[in-house]
Novice: 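Next up is a structure, given as structure tokens.
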Amino acid sequence: MFDRELFKGRTVVITGAGRGIGLATAEAFLAHGAMVIAHAGRSLPKEGPLAEAERQGRARLIAADFLSHNGVDLFANTVQAETDHIDVLINNAGTMQGRFPAEGLTPQQYESVVRLNQTSVVELTTALLPLLKQAKEAAIVNTVSISARTGGSPGSSLYSASKAFISTWSRALARELAPDGIRVNCVSPGTIDTDFHQRYSSAEKLEATRKSIPLQRLGTAEDCAPSYLFLAAASLSGYITGQVLEVNGGQLMA
Ligand SMILES: NC(=O)c1ccc[n+]([C@@H]2O[C@H](COP(=O)([O-])OP(=O)(O)OC[C@H]3O[C@@H](n4cnc5c(N)ncnc54)[C@H](OP(=O)(O)O)[C@@H]3O)[C@@H](O)[C@H]2O)c1
């Protein structure tokens with residue numbers, strides 16, 4: 001993909017790395033020399049490159065439910081105990097949690113979607129900022145979504161809006177943290193064939209979406225991973241901050 005030593009000596013923290021886009025991205029950072037501190041929600045991978053790297057001391061896997069009381073704090077505290085600096089923070093954990101129509105929306109549904117996709121990202125970034133400031137050319141990359149711009153599909157209004165919040169917040173943060181040498185960007189996946197859609201989209205809906213995509217296929221987690229590496233590496237994207245990189249096969253062009 002890139003130079004195999006691109007992240008040699010660099011410490012990368014990535015959330016939602018137990019599967020899907022986060023897992024593929026964590027594995028790509030490992031393959032390019034990084035020390036990876038990987039978070040998973042409820043499922044830690046027990047096999048594969050990440051688990052193997054942990055046995056070799058090149059990765060650390062930590063589980064934390066960001067919807068549980070103190071889940072973000074517990075993860076942040078563990079990271080703080082593991083390292084004295086962070087070169088790259090990838091905020092990727094998130095999901096729709098269900099389709100919640102506007103009519104009949106409950107306060108619990110609202111709180112849960114916003115807490116996972118929005119509040120936990122702000123809380124974790126805030127907690128880890130002192131460690132990012134200890135690195136020379138730190139980068140934050142946040143996972144947002146094509147739905148932040150399109151509004152998403154029925155039942156995803158809060159999820160889509162929470163991703164739009166992260167897009168805008170990232171731009172503001174990029175300006176605020178630039179004097180510290182910290183760049184902040186986002187990767188915005190389109191329709192990526194992960195467990196996410198197995199849970200929230202029917203086969204018919206996915207096929208209709210596939211046909212509407214100019215490149216005529218759904219994306220894969222591996223399609224997304226290189227964008228995170230690109231935006232994380234100062235040698236490749238050192239003059240890019242406050243941007244959203246859309247990875248969607250042409251599904252959205254504007
Ligand atoms: N797939 C798509 O088409 C698509 C499109 C746009 C944006 N995205 C975004 O891309 C990111 C990754 O999604 P994906 O497609 O890879 O989906 P995924 O396979 O469902 O992965 C979601 C990740 O978030 C973690 N997570 C979920 N609930 C959590 C909780 N309560 N506490 C902590 N972590 C939690 C999951 O951990 P556990 O499963 O271990 O709990 C998992 O690692 C998400 O932010 C998603 O919103 C995906």
Side-chain angles (χ1 to χ4, degrees), residues 13-28 36 38-46 48 50-51 61-76 78-79 89-99 108-109 111-121 123-124 141-153 156 158-167 170 186-202 205-206 209-210 212-213 217-225 227-228 244-249 251-252:
V13 175
I14 175 165
T15 68
R19 55 177 148 158
I21 295 168
L23 178 60
T25 302
E27 290 179 354
V36 174
H39 156 271
R42 293 141 293 188
S43 54
L44 278 179
K46 295 192 171 55
L50 208 47
L61 310 188
I62 302 160
D65 183 348
F66 289 168
L67 286 175
S68 74
H69 178 63
N70 278 351
V72 173
D73 286 349
L74 283 174
F75 177 66
T78 312
V79 172
L89 170 62
I90 310 285
N91 285 306
N92 169 75
T95 191
M96 276 178 21
Q97 298 177 54
R99 290 198 178 266
Q108 291 75 18
Q109 288 166 345
E111 168 60 20
S112 185
V113 174
V114 171
R115 166 141 285 283
L116 177 61
N117 295 291
Q118 184 173 315
T119 314
S120 78
V121 178
E123 286 179 350
L124 184 63
V141 186
N142 297 320
T143 302
V144 292
S145 169
I146 190 172
S147 67
R149 292 182 61 196
T150 64
S153 48
S156 76
L158 289 177
Y159 167 79
S160 306
S162 69
K163 293 295 191 181
F165 172 98
I166 295 299
S167 281
S170 299
C186 298
V187 172
S188 176
T191 306
I192 310 301
D193 194 7
T194 64
D195 294 347
F196 183 97
H197 285 290
Q198 302 308 320
R199 287 192 300 271
Y200 307 126
S201 305
S202 67
K205 182 176 185 299
L206 283 177
T209 302
R210 183 194 70 72
S212 74
I213 295 173
R217 66 176 179 86
L218 302 180
T220 64
E222 289 71 24
D223 286 323
C224 299
S227 297
Y228 291 89
V244 177
L245 183 44
E246 306 281 346
V247 183
N248 58 38
Q251 197 176 356
L252 176 75

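Note: hydrogens, waters and symmetry copies are ignored here, and every other heavy atom, side chains too, is used. Note that the structure is a prediction, hence the values are computed from the model and not measured. As the structure lists them, so they are numbered: ligands from 1, and atoms in each ligand from 1. For reference, positions follow the sequence shown, starting with 1.
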Novice: Short N/O distance, under 3.5 Å, between Ile192 and ligand 1?
Specialist: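 N/O-N/O distance under 3.5 Å: yes.
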Novice: Which distance, rounded to the nearest 0.5 Å, do you find between the OG1 of Thr209 and the NE2 of His197?
Specialist: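 Going from the OG1 atom of Thr209 to the NE2 atom of His197 covers 8.0 Å.
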Novice: Of the protein's non-hydrogen atoms, which lies at the shortest distance from atom 12 (C) of ligand 1, and what is that distance?
Specialist: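 Looking at atom 12 (C) of ligand 1, the protein heavy atom closest to it is Asn92 OD1, 3.4 Å.
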Novice: Give the atom numbers and elements of ligand 1 that come within less than 4.0 Å of a heavy atom of Thr191.
Specialist: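 Taking each heavy atom of Thr191 in turn, ligand 1 has 3 (O) under 4.0 Å.
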Novice: For the atom pair CD1 (Ile166) and SG (Cys186), what is the distance rounded to the nearest 0.5 Å?
Specialist: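 Atom-to-atom, Ile166:CD1 and Cys186:SG are 8.0 Å apart.
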Novice: Closest approach of Thr194 and Gly20, non-hydrogen atoms and distance?
Specialist: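 That would be CG2-CA, 4.0 Å.
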Novice: Could you identify the single nearest non-hydrogen protein atom to atom 31 (N) of ligand 1 and state the distance to 0.1 Å?
Specialist: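 So the nearest neighbour among protein heavy atoms is Asp65 OD1, 2.9 Å.
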Novice: N/O to N/O below 3.5 Å, does that happen between Ile146 and ligand 1?
Specialist: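 Between Ile146 and ligand 1, no N or O pair is found under 3.5 Å apart.
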Novice: Is Arg42 salt-bridged to Asp65, cutoff N-O under 4.0 Å?
Specialist: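 No salt bridge links Arg42 with Asp65.
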Novice: Less than 4.0 Å is my threshold; does some heavy atom of Gly190 fall inside it relative to ligand 1?
Specialist: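 Heavy atoms of Gly190 do come under 4.0 Å of ligand 1.
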Novice: Check Ala221 against ligand 1 and report side chain, backbone, both or neither, counting heavy atoms closer than 4.0 Å.
Specialist: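 It is neither; nothing of Ala221 touches ligand 1.
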Novice: Taking only residues two or more places apart in sequence or in another chain, which ones pass salt bridge (Lys or Arg N to Asp or Glu O under 4.0 Å) with Asp223?
Specialist: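 For Asp223, the residues satisfying salt bridge (Lys or Arg N to Asp or Glu O under 4.0 Å) (neighbours in sequence not counted) are Arg217.
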Novice: Which protein non-hydrogen atom lies closest to atom 40 (O) of ligand 1, naming both residue and atom, and how far is it?
Specialist: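 Among all protein heavy atoms, the one nearest atom 40 (O) of ligand 1 is Ser43 OG, 2.6 Å.
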Novice: Under a 4.0 Å heavy-atom limit, does Ile21 contact ligand 1 with its side chain, its backbone, both, or neither?
Specialist: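 Under 4.0 Å from ligand 1, Ile21 contributes backbone and side-chain atoms.
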Novice: Give the atoms of ligand 1, by number and element, whose distance to some non-hydrogen atom of Ala64 is under 4.0 Å.
Specialist: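 Heavy-atom distances to Ala64 below 4.0 Å select 32 (N), 33 (C).
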Novice: Quick one: list whatever passes ring-ring contact (aromatic ring centres under 6.0 Å, His included) with Phe196, sequence neighbours left out.
Specialist: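 ring-ring contact (aromatic ring centres under 6.0 Å, His included) check on Phe196 returns Tyr159, Tyr200.
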Novice: Report the part of Thr143 in contact with ligand 1, treating N, CA, C, O as backbone and CB onward as side chain, heavy atoms under 4.0 Å; options are side chain, backbone, both, neither.
Specialist: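 Under 4.0 Å from ligand 1, Thr143 contributes side-chain atoms alone.
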Novice: Of the non-hydrogen atoms in Leu50 and Ala38, which two are nearest, and what is the gap between them?
Specialist: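 That would be CD2-CB, 4.0 Å.
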Novice: Say whether Pro189, considering both its backbone and side-chain N or O atoms, lies within less than 3.5 Å of an N or O atom on ligand 1.
Specialist: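 By distance alone, the answer is no.
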Novice: Looking at Ser156 and Arg99, what are the two nearest heavy atoms and their distance?
Specialist: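 So the minimum-distance heavy-atom pair works out to CB-NH1, 4.1 Å.
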Novice: If the cut-off is 4.0 Å to any non-hydrogen atom of Val144, which atoms of ligand 1 fall inside it?
Specialist: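 Close to Val144: 6 (C), 7 (C).
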Novice: Backbone, side chain, both or neither: what part of Leu23 comes under 4.0 angstrom of ligand 1, heavy atoms only?
Specialist: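 Near ligand 1, Leu23 shows nothing, with every heavy atom at 4.0 Å or more.
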Novice: If you take the nearest heavy atom of each of Phe66, Tyr159, Phe196, which one is closest to atom 47 (O) of ligand 1?
Specialist: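 Nearest option to atom 47 (O) of ligand 1, by heavy atoms: Tyr159.
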Novice: Would you say Gly22 has any N or O atom under 3.5 Å from an N or O of ligand 1, going by distance alone?
Specialist: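 No - when backbone and side-chain N and O of Gly22 are compared with those of ligand 1, no distance drops under 3.5 Å.
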Novice: Run the contact test for Thr15 against ligand 1 with a 4.0 Å cut-off on heavy atoms, strictly below, and give the result.
Specialist: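 Contact check Thr15 vs ligand 1: negative.
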Novice: For residues Ser188 and Arg149, is any side-chain donor paired with an opposing acceptor at under 3.5 Å?
Specialist: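 Result is no, nothing qualifies.
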Novice: Nearest 0.5 Å, please: how far is CZ in Arg199 from CD in Gln97?
Specialist: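 Spacing of CD (Gln97) from CZ (Arg199) equals 10.0 Å.
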Novice: Under a plain distance cut-off of 3.5 Å, with no hydrogens placed, do Asn142 and Ser170 share a side-chain donor-acceptor pair?
Specialist: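 There is such a pair between these side chains.
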Novice: Determine, using heavy atoms of Arg199 and all atoms of ligand 1, whether some pair is separated by less than 4.0 Å.
Specialist: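 For ligand 1, residue contact (heavy atoms, under 4.0 Å) with Arg199 is present.
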Novice: May I ask you to identify the nearest protein heavy atom to atom 14 (P) of ligand 1, giving residue, atom name and distance to one decimal place in Å?
Specialist: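 Sorting protein heavy atoms by distance from atom 14 (P) of ligand 1 puts Thr194 OG1, 3.5 Å first.
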Novice: Strictly under 4.0 Å, does any heavy atom of Ala63 approach an atom of ligand 1?
Specialist: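 Not so, Ala63 does not reach ligand 1.
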Novice: So which heavy atom on Val247 is nearest to which on Ile192, and how close?
Specialist: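 It is O-CD1, 4.1 Å.
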Novice: Relative to atom 24 (O) of ligand 1, which among Gly152, Gly41, Gly94 owns the nearest non-hydrogen atom?
Specialist: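 Minimum heavy-atom distance to atom 24 (O) of ligand 1 goes to Gly94.
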Novice: Which option wins on minimum heavy-atom distance to atom 28 (N) of ligand 1: His39, Arg42, Lys163, His197?
Specialist: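 Comparing heavy atoms across His39, Arg42, Lys163, His197, the nearest one to atom 28 (N) of ligand 1 lies in Arg42.
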Novice: Please write down residue, atom name and distance for the protein heavy atom closest to atom 21 (O) of ligand 1.
Specialist: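 Scanning the protein heavy atoms, the shortest distance from atom 21 (O) of ligand 1 goes to Arg19 CG, 4.1 Å.
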Novice: Which pair of non-hydrogen atoms, one from Asn92 and one from Gly16, has the smallest distance, and what is that distance?
Specialist: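 Residues Asn92 and Gly16, closest heavy atoms: ND2-O, 3.1 Å.
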Novice: Any atoms of ligand 1 less than 4.0 Å from a non-hydrogen atom of Gly18? List them with their elements.
Specialist: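 Near Gly18, meaning under 4.0 Å from one of its heavy atoms, ligand 1 has 43 (O).
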Novice: Just by distance, with hydrogens left out, do Gln251 and Ser212 show a side-chain donor and acceptor under 3.5 Å apart?
Specialist: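 No, Ser212 and Gln251 have no side-chain donor paired with an acceptor closer than 3.5 Å.
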